[in-house]
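Position 1 is the first residue of the sequence, and the numbers go up from there. What's counted below: heavy atoms across the whole structure, side chains too, no hydrogens, waters or symmetry copies.
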Amino acid sequence: MLRELAVNTRVIYYLMALLGIIGVLAKAVNQQTLNQMLKAAGNMSKSTHRLIKLVRAKYEHACMVHDSVENTNAFVEKYIYEYRGFLFGIHTWRQMQLLTVWFVGILAALGAFECYITYGFSDAAYQYIETGLAEMVLLFVISHLSDEQYKLNAVRMYMVDYLENNCAFHVKRQRTTDREELNVIAAENTGKQEWEEKKGEREIHREDNLQNGNKTKAERTELPINIEGEPRAVEPARNPKGNSERDVDRDSERDSGRNAEREAAIRQILEEFLT
């Protein structure tokens, strides 16, 4: 049944045509993807391409966590290999281009073999061979119209150059700026704490000085001298030796005069000191 289907119908030709279309489509998709990547990699600092944004963000994060990336080439190749432009990755589309060439040749050989078994060396067998060879050559030429490996190397070179020479320096400078800002903030906080502590100590010393001053004033006001009034009256001294009253009065008057002069001098000194 399969032999009759292959010989009496043109199913093999349709399959060969479908494989040719797939090969051309794979080449077109891969070419468009590589052109977009190359254009974006040439201007990584301003590019909004999905792959470029991902690689740039991952590299900055790795530099912040580990200070630097040891192998930038491997870092870039990893994301290029995992990138999917349209449905499949770049490597998958390249493999489809090669596989379509081989599958077209296999189908052509199968169709020619079936025609040979059924009819011998007929025109149908030669037609399968000619069509298969022509399509294989066409697909091979189309797959080599552009050097895809050269474009991949150019994309990798642009990305590694930007990451090592621009992005790494920018990340280091940003980290240095952040550390300086943190040190300034910490110094300001420390200065505020020290200023508050000194202010509290000054207030405590001021309160102590005020209390000591109040105590000193209170002690001064408790002196046994009546500054604003008249000199205190001095009681006459007793006569233990039995002197005459006139001598005793004379001595008491002399002592009272001396005491009055002394109290007047002390009162004047205190008034000058207090004022």
Step by step, work out the side chain to side chain contact (heavy atoms under 4.5 Å, CB included) result for Lys58 and Phe75. CA-CA 9 Å; Lys58 292 291 185 179; Phe75 181 87; 3.7 Å; yes
Within a radius of less than 6.0 Å around CG of Asn71, do more than 12 heavy atoms belonging to other residues, nucleotides or ligands occur? yes
Under a plain distance cut-off of 3.5 Å, with no hydrogens placed, do Lys27 and Ser146 share a side-chain donor-acceptor pair? yes
Would you please say whether a donor-acceptor pair under 3.5 Å links the side chains of Gln36 and Gln31?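 Per modelled atom types, Gln36 and Gln31 side chains form no pair under 3.5 Å.
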From [atom1] ([X]) to [atom2] ([Y]), nearest 0.5 Å:
X	Y	atom1	atom2	result
Lys46	Ile52	NZ	CD1	15.5 Å
Thr72	Glu77	OG1	CD	11.0 Å
Leu38	His49	CG	NE2	10.5 Å

Start with the C-alpha distance between Ile80 and Met159, add both sets of side-chain angles, then the distance that settles side chain to side chain contact (heavy atoms under 4.5 Å, CB included), and finish with yes or no. CA-CA 10 Å; Ile80 291 176; Met159 295 175 71; 4.1 Å; yes
Please report the C-alpha distance between Asn153 and Arg156 in whole Å, then the side-chain angles of each, then the deciding distance to 0.1 Å, and finally whether the side chain to side chain contact (heavy atoms under 4.5 Å, CB included) criterion is met. CA-CA 5 Å; Asn153 292 334; Arg156 187 182 301 110; 2.7 Å; yes
Validation row, ring centre [X] to ring centre [Y] under 6.0 Å:
X	Y	answer
Tyr158	Tyr162	no
Phe113	Tyr128	no
Tyr83	His91	no

Identify the heavy atoms of [X] and [Y] that sit nearest to each other, and give their distance.
X	Y	answer
Ala108	Met16	CB-CE, 4.0 Å
Ala40	Ser47	CB-OG, 3.3 Å
Gly111	Ile12	CA-CD1, 3.5 Å

Below 30° counts as parallel, above 60° as perpendicular, anything between as tilted: where do the rings of Phe86 and Trp93 land? parallel
4.5 Å side-chain heavy-atom contact, [X] and [Y]:
X	Y	value
Val29	Gln32	no
Glu148	Gln97	yes
Leu152	Arg94	yes
Leu15	Leu19	no
Asn35	Lys151	yes

Going by salt bridge (charged side-chain N to carboxylate O under 4.0 Å, His left out), name the residues that satisfy it together with Glu82, two or more places apart in sequence or in a different chain.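 With neighbours one apart ignored, the set is empty.
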Among the clusters formed by ILVMFWY side chains lying less than 4.5 Å apart, do [X] and [Y] turn up in the same one?
X	Y	result
Tyr59	Met37	yes
Ile129	Met136	no
Phe103	Phe140	no
Leu98	Leu138	no
Ile90	Val155	yes

Would you confirm whether Ser143, through its side chain, and Leu139, through its main-chain N or O, come within 3.5 Å as a donor-acceptor pair? yes
Is the backbone N or O of Ala26 less than 3.5 Å from a side-chain atom of Asn30, with the two atoms forming a donor-acceptor pair by type?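 It does not hold such a pair.
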Check side-chain hydrogen bond (donor to acceptor under 3.5 Å, both in side chains) between Gln127 and all other residues, then give those that pass, not counting sequence neighbours. none
All side-chain hydrogen bond (donor to acceptor under 3.5 Å, both in side chains) counterparts of Asp161, not counting sequence neighbours: Asn165
